2 protein chains.
Amino acid sequence: MSSGGETNGGAQGDRRAETLQRLMEVGRVHSGVTVMFHSAIAAKQGLNATEEKTLDLLERHGPLTAKDLARLTGLAPASVTGLVDRLEAKGFARRVKHPTDKRRVLVELDRQKIGELAVFFEDWARDIVAACEEFSTEELETAIRFLTVMAEAQRTAAARLSS
Amino acid sequence: MSSGGETNGGAQGDRRAETLQRLMEVGRVHSGVTVMFHSAIAAKQGLNATEEKTLDLLERHGPLTAKDLARLTGLAPASVTGLVDRLEAKGFARRVKHPTDKRRVLVELDRQKIGELAVFFEDWARDIVAACEEFSTEELETAIRFLTVMAEAQRTAAARLSS
DNA sequence: ACAAATATTTCGTTCGGCCGAACCAAGGAC
DNA sequence: GTCCTTGGTTCGGCCGAACGAAATATTTGT
């Protein structure tokens, strides 16, 4: 499938370089739009960046204790209390008793609420699917592979920056 | 290139549906990572969301007056003064005299500073290019097309949400 | 049983960023 | 020239969200 062969100094190399150039550019634009879309959704539900991030953490890890959240978000314990209060007030999460340790508080997503939220994505998803019609299934497979690789690269880059 | 043909009720349709399913999933992950990467960069330079957005506006529109910025960001005029003060203090933009109207203030990017900032992206860009080696040039062209289409869909979705 | 450790909340404070109102210029109309 | 409008800034106040320290509740260790 892949071409490889970097040592080619001719017209093919030029074409590839030019393609990469365009890819970076369109990738930049795509990133910008993605961020905008994301923050538009957040704004729509009255969530700030911290709350958004917390919901993502809960999505990925399942229920977490306040201490875990403090660690993962980088907030002080006292701040987590307020954060969870807000999420509860808005209906996105709730406190539940820890099964064994009564000191701890588990915070879990309100699946119901998250589900309702999916309505926002519906016409977007429809647009996406419609837009995909101009791609063959093989091309979509390529896109999947591509997005996977890019996601990984960005993840490591983000980690590098945060350290 | 494109397959079309939706009315096929057999195995091919199943495969395509399943592919779309995976595409949505990997797209979701990619979006999340993109947002993280973006905010990691912003944090690294001590920029908040508003400042980030403003730099993006200046990037896209070129120099803007304070009034324009107020309109485009949705901030009150008084807030724009503070915003531009911060951007100036951090070296990302500067006030310049309006050529004809002495009342107005043009805000323009500091290209120098933006350039220095590109250093942050360098090893990231290298990773990207390296990661692209496993794709043929045709596949990259497909990725470009795909990203372009997705960007457009997200742009309209974001606009729909914001209205 | 009691002391030390652990998890979370409460309380009081601080800080950043936004706003409205008042306040200067600097145009533009008459 | 005078007056009104327009573009920006200054000032004072406000609010959300973060913090540290102290308080509370529960578990663990001896």
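Each chain gets a letter, A, B and so on, in the order the sequences are listed, and its residues count up from 1. Every value quoted in this text rests on a predicted model; they were computed, and no experiment measured them.
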| field | Contact nearer the 5' end of DNA chain D, comparing Lys102(A) with Gly74(A) | value |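 The residue closer to the strand's 5' end, by nearest nucleotide, is Gly74(A).
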| Of the listed nucleotides dG8(D), dG17(C), dG20(D), the one nearest the side chain of Ala76(A) |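 Nearest to the side-chain atoms of Ala76(A), counting from C-beta on, is dG20(D).
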| field | Nucleotide of dG8(D), dA26(C), dT8(C) approaching Asp101(B) most closely (side-chain heavy atoms) | value |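 The listed nucleotide nearest to Asp101(B)'s side chain is dA26(C).
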Can you find a side chain N or O atom of [X] that sits less than 4.0 Å from OP1 or OP2 on [N]?
X: Ser79(B); N: dC19(C); value: yes
X: Thr50(A); N: dA18(D); value: yes
X: Thr81(B); N: dG8(D); value: no
X: Asn48(A); N: dG16(D); value: no
X: Arg86(A); N: dA17(D); value: yes
X: Arg95(A); N: dT9(C); value: yes

| task | For Ala78(B), report the nucleic acid contact type (base, sugar-phosphate, nothing); a contact means any heavy atom under 4.0 Å. | result |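 It contacts base atoms.
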| task | Check every strand shown and say whether Thr73(A) touches a base, only sugar-phosphate, or nothing at a heavy-atom separation below 4.0 Å. | result |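 Nothing: the residue Thr73(A), judged by heavy atoms under 4.0 Å, touches no strand.
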| Going by heavy atoms in the side chains, are Phe135(A) and Thr142(A) under 4.5 Å from each other? |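 No; the side chains remain at least 4.5 Å from each other.
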| query | Less than 4.5 Å apart, any side-chain heavy atom of Met150(A) and any of Cys132(B)? | reply |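 Touching, per the 4.5 Å side-chain cut-off.
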What is the distance, rounded to the nearest whole Å, between atom [atom1] of [X] and atom [atom2] of [N]?
X: Lys97(B); N: dA25(C); atom1: NZ; atom2: P; result: 13 Å
X: Leu69(A); N: dA18(D); atom1: CG; atom2: P; result: 13 Å
X: Asp85(B); N: dT10(D); atom1: CG; atom2: P; result: 7 Å
X: Leu87(A); N: dT9(C); atom1: CG; atom2: P; result: 13 Å
X: Leu64(A); N: dA7(C); atom1: CG; atom2: C1'; result: 15 Å
X: Asp68(A); N: dT6(C); atom1: CG; atom2: P; result: 15 Å
X: Leu83(B); N: dT9(D); atom1: CG; atom2: P; result: 11 Å
X: Leu75(A); N: dG16(D); atom1: CG; atom2: C1'; result: 14 Å

| query | Charged N to carboxylate O below 4.0 Å: is that the case for Glu25(B) and Arg22(B)? | reply |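 Salt bridge between Glu25(B) and Arg22(B), a charged N being under 4.0 Å from a carboxylate O: no.
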| query | Counting distance only, does the side-chain N/O of Glu88(A) pair as donor-acceptor with the main-chain N or O of Asp85(A) below 3.5 Å? | reply |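 No; zero donor-acceptor contacts below 3.5 Å.
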| said: Tell me whether the rings of His30(B) and His30(A) are parallel (<30°), tilted (30 to 60°) or perpendicular (>60°). | reply: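 Rings of His30(B) and His30(A): tilted, 30 to 60°.
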| task | Mark yes or no for a side-chain to base donor-acceptor pair under 3.5 Å between Arg103(A) and dT8(C), with no hydrogen or angle criteria applied. | result |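 No pair found.
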